[in-house]
Amino acid sequence: MKTWRCLLSLLLVLLPVSTMGRFVVEKNSLRVTSPEKIRGTQDSAIGNFGIPQYGGSMAGNVVYPKDNKKGCKEFDESGISFKSTPGALPTIVLLDRGSCFFALKVWNAQKAGASAVLVADDVEEPLITMDTPEEDGSSAKYVENITIPSALVGKSFGEKLKDAISGGDMVNVNLDWREAVPHPDDRVEYELWSNSNDECGVKCDMLMDFLKDFKGAAQILEKGGYTQFTPHYITWYCPHAFTLSKQCKSQCINHGRYCAPDPEQDFTTGYDGKDVVIENLRQLCVFKVANETLKPWVWWDYVTDFQIRCPMKDKKYNKECADAVIRSLGLNIEKIEKCMGDPDADTDNPVLKEEQDAQIGKGSRGDVTILPTLVVNNRQYRGKLEKGAVLKAICSGFEETTEPAVCLSGDVETNECLTNNGGCWQDRAANITACKDTFRGRVCECPLVDGVQFKGDGYTTCEASGLGRCKINNGGCWHEARNRHAFSACLDNGGVKCQCPTGFKGDGVRNCEDIDECKEKKACQCSECSCKNTWGSYDCSCNGDLLYMRDHDTCISKTGSQGRSTWAAFWVILLGVFMIAGGAFLVYKYRIRQYMDSEIRAIMAQYMPLDSQAEVPNHINDQRA
């Protein structure tokens, strides 16, 4: 079984190459300016990593190291540095082919200070493209960090450079990328061959990152009419002898006509190759339908949103998730499904058939065999798939003096949120949106409003959270006011929960319905009570002269209550009178006794004077006189 799987995978990958087979090596010009004996122009093959200086050139001094000539080890170990001294030309390092990956050679030279790398072939053959190594953890770490240009030169020319350097000559060269991309007019046509599979390793990760980063610039160029972009997807076909096999059915649609390798390289688990083919087809139809509405740039929104919302690792790589993305962007799902056709039909699919035909090279462009592949003005781009590098390559395709402003400035504004809110979440009532315009295009992120952070995926939901959330559109919860009474389901306790208040029931978000406490026998349960339901509450009354006590849910007699109140008031007043009388009596008694004592002492002092005190005046006699 394992041998069968390997054979089928090999057939799926190799069939397009063996049946079409024309690979074009993209070249840049290399001109030797000194010494005189080797002066002249040579071709060099642009490396498919690093950042070629499209539209520009670089003059430098060629250095051939005495040790580590293949560059497979770090030059620091040999104490070698290629850093240019102030005022000197940049250092271009010449290395020999063999023993390790091309990318590793360039990476080691870059770390030692090289500005560019030339790799001399070790056999006489036509120039080839130096590609990145197969995906693995160790190579991924340095491939994505290579920022200098590199190129492969022929063996005989490499020998001439080495002989001149070993002879003591200063070898100066000029690397020229100005003609690497044709620039006939004021519009650039470019296309990207990619894949919707997001589980294929390092290259898939780099592709996904590029799509997100480049989206903003791509949409500005397209909206301004400066470029014409076309997405493409590589498909394979299954050999006729195997079309009825279980493996071919799981990897292909339309009876083996259009196939893709299994994402996990395991036919028994996970997603199948046909899932990838169907999503590729959907993305092609998204572009066609968007292009019919004169908004082809919406394709960039769809593919980036699909990556974020529908990844394979979350088991969301399916039609339901894709349809949700399509609806959020305001595209016509019926037209897209009609464009896709029937994947089980034993007929050609016009869209995918056109893609297979486009894979074959035409004119100066070779067959598309590498994923991802960028083609600018019918020339395959070589280098790192990175926003700045690709934008420079595209801008080099404009005729001189016709470059748009985006090519001359890093300030990029997309204004995507002005149309359909960018497909992001929006609260129209509170005038709040998750759409944000950035230089990378629009992003859907839940906002921070007046100190209140909204949380959610930014596409379909954003909920206010934290203290103070009820101030922002009532926290997204239900609220209503009637007859001067207002109720809210928002709980300002730091969470995001909406809970209907007492007297209501519901989800707390869309509705809270009044509870009929009388009908549900939650109030006025005493035998003498009568219940009347009100919005958010209830009213209870008692029969006859009884008075309702809400806290105890009972009725009491109004007469008994008034009698008890009257007697209580009477006794309070009576007690007050007694207290006042008692107080007055005590004061009166104290004053009379004091006066009597004073008079008695005066009389006694008159008739029986004491030796120890002076004569006391007789007030009585004074009064008589």
Side-chain angles (χ1 to χ4, degrees), residues 1-2 5 8-9 12-13 135-137 140 194-212 215 231 233-236 238 246-254 258-287 298-329 331 333 336-337 339-344 352 371-372 422-425 434 443-446 455-463 496:
M1 179 62 73
K2 185 174 181 180
R5 292 174 186 167
L8 182 57
S9 297
L12 288 174
V13 173
E135 295 86 352
D136 62 76
S194 61
N195 198 329
S196 63
N197 176 12
D198 60 8
E199 289 293 323
C200 64
V202 177
K203 284 192 175 182
C204 278
D205 295 339
M206 293 176 65
L207 173 62
M208 302 307 169
D209 290 341
F210 167 73
L211 290 173
K212 295 174 186 176
K215 181 182 73 169
Y233 296 84
I234 290 181
T235 60
W236 295 266
C238 188
K246 179 180 178 181
Q247 288 77 9
C248 200
K249 288 181 178 180
S250 67
Q251 310 309 310
C252 308
I253 65 173
N254 294 99
Y258 314 105
C259 312
D262 188 278
E264 298 88 5
Q265 297 299 315
D266 187 344
F267 296 107
T268 61
T269 61
Y271 290 97
D272 295 324
K274 69 177 182 181
D275 297 320
V276 177
V277 179
I278 291 174
E279 179 54 33
N280 289 348
L281 176 58
R282 181 179 290 109
Q283 294 186 8
L284 285 168
C285 288
V286 165
F287 176 76
V298 176
W299 177 88
W300 291 90
D301 289 323
Y302 175 79
V303 294
T304 52
D305 288 357
F306 185 82
Q307 293 168 15
I308 297 172
R309 299 175 63 178
C310 312
M312 288 184 174
K313 63 180 180 180
D314 292 343
K315 307 300 181 185
K316 295 182 179 179
Y317 187 90
N318 52 46
K319 181 181 184 300
E320 290 73 20
C321 189
D323 287 348
V325 177
I326 291 172
R327 281 192 292 269
S328 72
L329 298 175
L331 296 172
I333 294 181
I336 292 174
E337 291 180 348
C339 168
M340 293 176 65
D342 183 6
D344 297 322
L352 293 178
L371 278 179
C424 304
W425 171 88
V443 293
C444 296
E445 294 180 352
C446 292
K455 294 182 179 180
D457 62 10
Y459 293 93
T460 58
T461 59
C462 281
E463 295 179 342
V496 294

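All values below were derived from every heavy atom in this structure, side-chain atoms included, with hydrogens, water molecules and symmetry-related copies excluded.
When each of Thr235, Asn195, Asp198 is tested with Val276 by the rule side-chain contact (heavy atoms from CB on, under 4.5 Å), just one qualifies, namely Asn195.
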Practice problem: Might you work through the disulfide bond (SG atoms under 2.5 Å apart) test for Cys321 and Cys310, ending with a clear yes or no? | Solution: CA-CA 6 Å; Cys321 189; Cys310 312; 1.9 Å; yes
Quiz item: Is there a side chain to side chain contact (heavy atoms under 4.5 Å, CB included) between Val286 and Ile336 once you walk through the steps?
Solution: CA-CA 6 Å; Val286 165; Ile336 292 174; 3.8 Å; yes
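Taking CG of Asp344 as the start and CD1 of Ile253 as the end, the distance is 8.5 Å to the nearest 0.5 Å. One finds the CG atom of Asp305 at 4.0 Å from the OH atom of Tyr459 (value rounded to the nearest 0.5 Å). Here the CG atom belonging to Asn318 is positioned 11.0 Å from the CE atom belonging to Met312, to the nearest 0.5 angstrom. Between Trp300 atom CH2 and Lys212 atom NZ the span is 13.5 Å, to the nearest 0.5 Å. Between atom CG of residue Asn280 and atom SG of residue Cys285 there is a gap of 11.0 Å, rounded to the nearest 0.5 Å. Rounding to the nearest 0.5 Å gives a distance of 6.5 Å between CG of Asp457 and SG of Cys446.
By the 4.5 Å heavy-atom criterion applied to side chains, Asp323 and Glu337 are counted as neighbours. Looking at Thr460 and Arg309, their side chains come closer than 4.5 Å, going by heavy atoms from C-beta outward.
In this structure, the side chain of Asn197 does not engage the main chain of Glu264 through any donor-acceptor pair within 3.5 Å. In this structure, Tyr271 contributes its side chain and Pro263 its backbone to no donor-acceptor pair below 3.5 Å.
Partners of Gln283 by side-chain contact (heavy atoms from CB on, under 4.5 Å), not counting sequence neighbours, listed by chain and number: Ser196, Tyr233, Glu279, Trp299, Tyr302, Val303, Phe306. Here Lys249 pairs with nothing under the salt bridge (Lys or Arg N to Asp or Glu O under 4.0 Å) rule; sequence neighbours left out. Partners of Met206 under the side-chain contact (heavy atoms from CB on, under 4.5 Å) rule, at least two apart in sequence or in another chain, are Val202.
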